[in-house]
Number of protein chains: 2
Amino acid sequence: MDSLVACGELTDPSSPRGRLLNAAAHLFVEKGFARTTVRDIAGEVGILSGSIFHHFRSKEEILCQVMREVTLFARARMAQAAAQASSPTSKLRACILCELEAIHGRAVPGFTILVSEWRSLSGKNQAVVLALREEYEQLWREVLEEAESVADPALARRLLQGALSHTYHWFRQKDGGLSLGELADELVVLFSRPKPA
Amino acid sequence: MDSLVACGELTDPSSPRGRLLNAAAHLFVEKGFARTTVRDIAGEVGILSGSIFHHFRSKEEILCQVMREVTLFARARMAQAAAQASSPTSKLRACILCELEAIHGRAVPGFTILVSEWRSLSGKNQAVVLALREEYEQLWREVLEEAESVADPALARRLLQGALSHTYHWFRQKDGGLSLGELADELVVLFSRPKPA
DNA sequence: AACGCTACCAAGCAAGCGCTTGGTTATCAA
DNA sequence: TTGATAACCAAGCGCTTGCTTGGTAGCGTT
């Protein structure tokens, strides 16, 4: 996964720019884009607010770049997870678990803002991220198609995406409770039901 | 449905306060809470920004009151829809369609901000709205229980809620395309599958 | 030693924000 | 006629915001 950094697609997280992007992602998740100030972001990495604009042209560009890198990273991660699975159903399960971990774990910090802060982006920047997002979604549709999901793959993905992203608002990991794996199992059953003969 | 206005639960939409709440709901849906200014709201009903604070103590109180009234209205509307249906499955379908119309139609203006702007509310105000929301959710769980939905009713509701609220971001009514009714049908099939014997 | 480059500071500007204040007008009951 | 009340205006205060400017310290290269 470091290869993405090496080939220049992703920013080195130890570089000043990378540290700013990480801090921003963290704050955007925690407080939302509008309620996060450039002073917050700068403070998180120990510099003054004005210095941010040596690395980014505007606050919105920070959001845009966070979304860009998150999307690229999430796609690479899911492609890898899908490739390792054998059957169509286990592939679907792997992808579902992959997105659940992106939402709830530390696997892909900032993944949730792809949905929650979408409207904080201007039209032009939305187009930039959307183009990358489309590759991610295409992967999903292929996996759903193979697994012979309910309805057509595009619709199934949309319903599934809603169910998954909403888990952010209610799911909490705790001993004895539902685990991410079990939740993934439930969703596989729900969406990959065998069609009546 | 006007009875809620008559008994004082809901604000008369033709009163100054009611017109402000409607304007605010409309703007919050369109631009989001943070990007809507009190000057926007005041301008929409033709008064100056300072005059708003004759009716509300703060901008956040406007959001809170919008959410309060939207929740009460949505609940009354769904209870009526469920009561008119006969079988458990048709009840479920009625509720799903009811929420879809709340999200996409002009039926319950401002319904979507119950999810999208939840975090714009302070903890104290969240508690106020949550108490009302709980009645709405209880109705859902009863309907899902009766329809013998997949998994347990609470989990099914959460997954369903995610799928439904997310439709806001992709569903568009157009000739020849998927209608809200057809979408409701798909979701009924998905969630009310008969359990294997 | 001189240069160029990256990363940052110190100070602050202009605009926009939520909200306050003191006063005016219209309505209606006593 | 008087007085209370609701609805609103006009003006602006105090604060926060994203962002700009001019300058400096450190580092590697030549």
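Sequence lines set the chain letters: A, B, ... in the order given, protein chains first and strands last, and positions in each chain run from 1.
- Rounded to a whole Å, the CG atom of B/D40 is 12 Å from the P atom of C/dG16.
- Dashed line: the shortest gap from a side-chain N or O of A/H55 to OP1 or OP2 of C/dC8 is under 4.0 Å.
- Looking only at atom types and distance, the side chain of B/R158 has no donor-acceptor partner in the side chain of B/Q161 under 3.5 Å away.
- For the pair A/Q65 (side chain) and A/L21 (backbone), a donor-acceptor distance under 3.5 Å is absent.
- B/L20 has its CG atom 16 Å from the P atom of D/dA6, to the nearest Å.
- C/dG16 atom P lies 17 Å from atom CZ of B/R35, rounded to whole Å.
- One cannot find a donor-acceptor pair under 3.5 Å joining the base of C/dG16 and the side-chain atoms of B/R39.
- In this structure, CG of B/L48 is placed 6 Å from P of D/dA10, rounded to the nearest angstrom.
- No side-chain donor from either of A/R77 and A/Q80 sits under 3.5 Å from a side-chain acceptor of the other.
- Between B/H54 and D/dT5, a side-chain N or O to OP1/OP2 separation shorter than 4.0 Å is absent.
- With rounding to whole Å, B/I52 atom CD1 is found 11 Å from D/dC8 atom P.
- With the nearest nucleotide of DNA chain D identified for both B/G50 and B/S15, B/S15 has the one nearer the 5' end.
- At a threshold of 4.0 angstrom between heavy atoms, the contacts of B/T37 are confined to the sugar-phosphate backbone, with no base atom among them.
- Taking only side-chain nitrogens and oxygens, B/S51 never comes nearer than 4.0 Å to OP1 or OP2 of D/dA7.
- For the pair B/K59 NZ and D/dT16 C1', the interatomic distance rounds to 13 Å; values are reported in whole Å.
- The nearest whole Å value for the distance from the CD atom in A/E60 to the P atom in D/dT17 is 18 Å.
- Using bins of under 30°, 30° to 60° and over 60° for the plane-to-plane angle, the ring pair B/W140/B/Y136 lands in the perpendicular bin.
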Show every donor-acceptor pair shorter than 3.5 Å between a side-chain atom in residues 44-51 of chain A and any protein atom, with sequence neighbours excluded, or say none if there are none.
| from | atom 1 | to | atom 2 | distance (Å) |
| --- | --- | --- | --- | --- |
| A/E44 | OE2 | A/H26 | ND1 | 3.0 |

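- Rounding to whole angstrom units, CZ of residue A/F53 and P of C/dC13 are separated by 17 Å.
- Across all strands, B/S49 comes closer than 4.0 Å to base atoms (heavy-atom distances).
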